[in-house]
Novice: 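My structure is below; once you've seen it, I'll send some questions.
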Amino acid sequence: MYSKALRRYFIWRIAIVDELMRGALEKIVSSEIFQQEAKANKDTTRQVFKLFKPILPLYLKGIPIIVNNLFFLDPSGIIERATVPPEKIIDKHRHCIMQASGVERIKSVQESMGKLLQELIGSMMYVPLPFIVLPIARRLTRLWLDENLDVDTLNKSLPGNVTVEMGLMIGDLADTARKYPEVVDYLEKSEDSTFYHDTFYQGLSKVKGGDIFGTELDRFMELYGMRCPGEIDISNVRWWEAPTLLVPSIINHIKINAPGEHRKRFRQGRKEAQEVVQKLMESISNASAGRLKSRLMFRLLSIYRNSTGLREFPKYVIVRFF
């Protein structure tokens, strides 16, 4: 941020995501304190380039992925193309690690850590897509219709967002638990003696509906059990290690939401986003060369909707693997 050129570029990119954040950043970088620090840290830009120089070739290899998804490939397949290969990569490395033992397992983990970033670069290259297409869609909407693009509605119920999908699964767990009062009672009374994985499941299996709830919880743990608050800190206890860390979220959902309400809200948000796109297509179709323009806009918005939710996916894959 001490480089004037990089500062302008970064603020421009942030504005695509959040106008309020852009305003806050502009206020910070225009302050006298920041300007003084910028003058005192003129070499920072050179140091940043040295830091990123080793991974630059990896990003260059990913450029064809961006080009193909922008111009040639079906936008509806973006999520599958981004998420399926990492699953295979994780399975491959996990198999290699589990085949080793002792010192060899440690070496296998170290080797996997070195290769993982290179093998995941393909999935990471889907992250820039929404930052490319959104400014274009905004500009064309103003040019063709003299209107502002309704980005807030377009961002509702985005597909492929691991955090949203995790929240929906927690809602599903809550709906399953509420069918069995003994399960809810067990969750509410879980204490330190039932805190850890084995004892928690042993107690759960003894109450009515516990096996059904436990099966659904196992599926959740398979996908998200490696996560936890402050998950970047590897010393923090994971959900699969201490399942009762999830209990407050499940109980609060039961108390606050009606059965199926979380899924209903998600479907409603998706419907509203689709209606915005449809209304925009109708308006553009009535303009000059409307058929061509509407096809272009529909592709841009399809890419945006199908790629925006993937921003958290690379971090999720890394946390899941390690």
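Positions are given from 1, in the same order as the sequence printed here.
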Novice: Whether the side chain of N236 engages the backbone of P229 through a donor-acceptor N/O pair (distance < 3.5 Å, no angle test) should be reported.
Specialist: yes
Novice: Determine yes or no for a side-chain-to-main-chain donor-acceptor pair under 3.5 angstrom, with R305 supplying the side chain and S76 the backbone.
Specialist: no
Novice: Classify the side-chain pair Y180/D185 by whether it contains a donor and acceptor separated by less than 3.5 Å.
Specialist: no
Novice: Please find the pair of heavy atoms, one from S294 and one from I284, that lie closest to each other, and give the distance.
Specialist: N-CG2, 3.5 Å
Novice: For the CG atom of L300 and the CD1 atom of I132, what is their distance to the nearest 0.5 Å?
Specialist: 11.0 Å
Novice: What distance separates T176 OG1 from I254 CD1, expressed to the nearest 0.5 Å?
Specialist: 9.5 Å
Novice: Which residues pass the salt bridge (Lys or Arg N to Asp or Glu O under 4.0 Å) test with K92, not counting sequence neighbours?
Specialist: E119
Novice: Should the pair Y186 and F200 be assigned to parallel (<30°), tilted (30 to 60°) or perpendicular (>60°) ring geometry?
Specialist: tilted
Novice: So does L70 get a backbone contact from the side chain of R299, meaning a donor-acceptor N/O pair under 3.5 Å?
Specialist: yes
Novice: A side-chain contact here means heavy atoms from C-beta on lying under 4.5 Å apart; do R139 and L143 qualify?
Specialist: no
Novice: Where is the tightest heavy-atom contact between R142 and N148, given as atom of each residue plus distance?
Specialist: CD-OD1, 3.7 Å
Novice: Whether the side chain of N68 engages the backbone of L73 through a donor-acceptor N/O pair (distance < 3.5 Å, no angle test) should be reported.
Specialist: no
Novice: Quick one: CE on M169 to NE2 on H262, what's the gap to the nearest 0.5 Å?
Specialist: 10.0 Å
Novice: Let me check something: do L223 and I79 share a hydrophobic cluster, defined by ILVMFWY side-chain heavy atoms less than 4.5 Å apart, either directly or through other members?
Specialist: no
Novice: Might you work through the side chain to side chain contact (heavy atoms under 4.5 Å, CB included) test for W144 and L296, ending with a clear yes or no?
Specialist: CA-CA 12 Å; W144 293 340; L296 173 58; 4.0 Å; yes
Novice: Please say whether more than 12 non-hydrogen atoms of neighbouring residues, nucleotides or ligands are located less than 6.0 Å from CD in E188.
Specialist: yes
Novice: Evaluate the side chain to side chain contact (heavy atoms under 4.5 Å, CB included) criterion for residues L310 and I78: first the C-alpha distance (whole Å), next the side-chain angles of each, then the deciding distance (0.1 Å), finally the verdict.
Specialist: CA-CA 9 Å; L310 295 171; I78 285 176; 3.8 Å; yes
Novice: Hey, could you give me each pair passing side-chain hydrogen bond (donor to acceptor under 3.5 Å, both in side chains) that has a residue in residues 98-110? Not counting sequence neighbours.
Specialist: none
Novice: For the CZ atom of F313 and the CD1 atom of I318, what is their distance to the nearest 0.5 Å?
Specialist: 10.5 Å
Novice: If you look at every heavy atom in V319 and M226, which pair is closest and at what distance?
Specialist: O-CG, 3.4 Å
Novice: Apply side chain to side chain contact (heavy atoms under 4.5 Å, CB included) to residues R263 and D172 and explain how you reach the verdict.
Specialist: CA-CA 9 Å; R263 292 283 177 181; D172 293 342; 2.5 Å; yes
Novice: What closest approach, in Å, do T141 and L280 show between heavy atoms, and which atom pair accounts for it?
Specialist: CG2-CD1, 4.1 Å
Novice: Distance-only, no hydrogens or angles: does the S123 side chain make a donor-acceptor pair with backbone N or O of T83 under 3.5 Å?
Specialist: no
Novice: Which heavy atom in M125 sits nearest to a heavy atom in L129, and how many Å separate them?
Specialist: O-CG, 4.4 Å
Novice: Roughly how far apart are K293 NZ and L145 CG, rounded to 0.5 Å?
Specialist: 8.5 Å
Novice: Between the side chain of E241 and the main-chain N/O of R238, is any donor-acceptor distance below 3.5 Å?
Specialist: yes
Novice: Does the ring centre of F213 sit less than 6.0 Å away from the ring centre of F220?
Specialist: no
Novice: Kindly work out whether a path of hydrophobic side-chain contacts (I/L/V/M/F/W/Y, heavy atoms less than 4.5 Å apart) joins I63 to F72.
Specialist: yes
Novice: Would you mind checking if E222 and R219 are paired as a salt bridge, meaning a charged N to carboxylate O distance below 4.0 Å?
Specialist: yes
Novice: Measure across T153 and A273 and return the closest heavy-atom pair with its distance rounded to 0.1 Å.
Specialist: O-CB, 3.5 Å
Novice: Verify the neighbour count for atom CZ of F298: are there more than 12 heavy atoms of other residues, nucleotides or ligands below 6.0 Å?
Specialist: no
Novice: Do L292 and I303 belong to the same hydrophobic cluster, where Ile, Leu, Val, Met, Phe, Trp and Tyr are linked whenever their side-chain heavy atoms lie under 4.5 Å apart, directly or via other members?
Specialist: no
Novice: Could you go through the side chain to side chain contact (heavy atoms under 4.5 Å, CB included) check for R81 and N69 one step at a time?
Specialist: CA-CA 10 Å; R81 291 193 293 272; N69 280 279; 2.7 Å; yes
Novice: If two hydrophobic side chains count as joined below 4.5 Å and joins carry through other members, does L168 share a cluster with L173?
Specialist: no
Novice: Is there a continuous path of hydrophobic side-chain contacts, each under 4.5 Å between heavy atoms, that joins M221 to I212?
Specialist: yes
Novice: Taking only Lys NZ, Arg NE, NH1 and NH2, and the carboxylate oxygens of Asp or Glu, determine whether R265 and E261 approach each other closer than 4.0 Å.
Specialist: yes
Novice: Roughly how far, to the nearest 0.5 Å, is CE of M166 from CG of L246?
Specialist: 8.5 Å
Novice: Using atom types as modelled, flag every donor-acceptor pair under 3.5 Å from a side chain in residues 157-165 to any protein atom, sequence neighbours excluded.
Specialist:
| unit_1 | atom_1 | unit_2 | atom_2 | d |
| --- | --- | --- | --- | --- |
| S157 | OG | F266 | O | 2.7 |
| S157 | OG | R270 | N | 3.3 |
| N161 | OD1 | T163 | N | 3.0 |
| N161 | OD1 | V164 | N | 3.1 |
| T163 | OG1 | E312 | OE1 | 2.3 |
| T163 | OG1 | E312 | OE2 | 3.4 |

Novice: When you check the gap from the basic side-chain N to the acidic O, do K88 and D91 get nearer than 4.0 Å?
Specialist: no
Novice: Kindly say whether K208 contributes a backbone atom to a donor-acceptor pair with the side chain of E182 at under 3.5 angstrom?
Specialist: yes
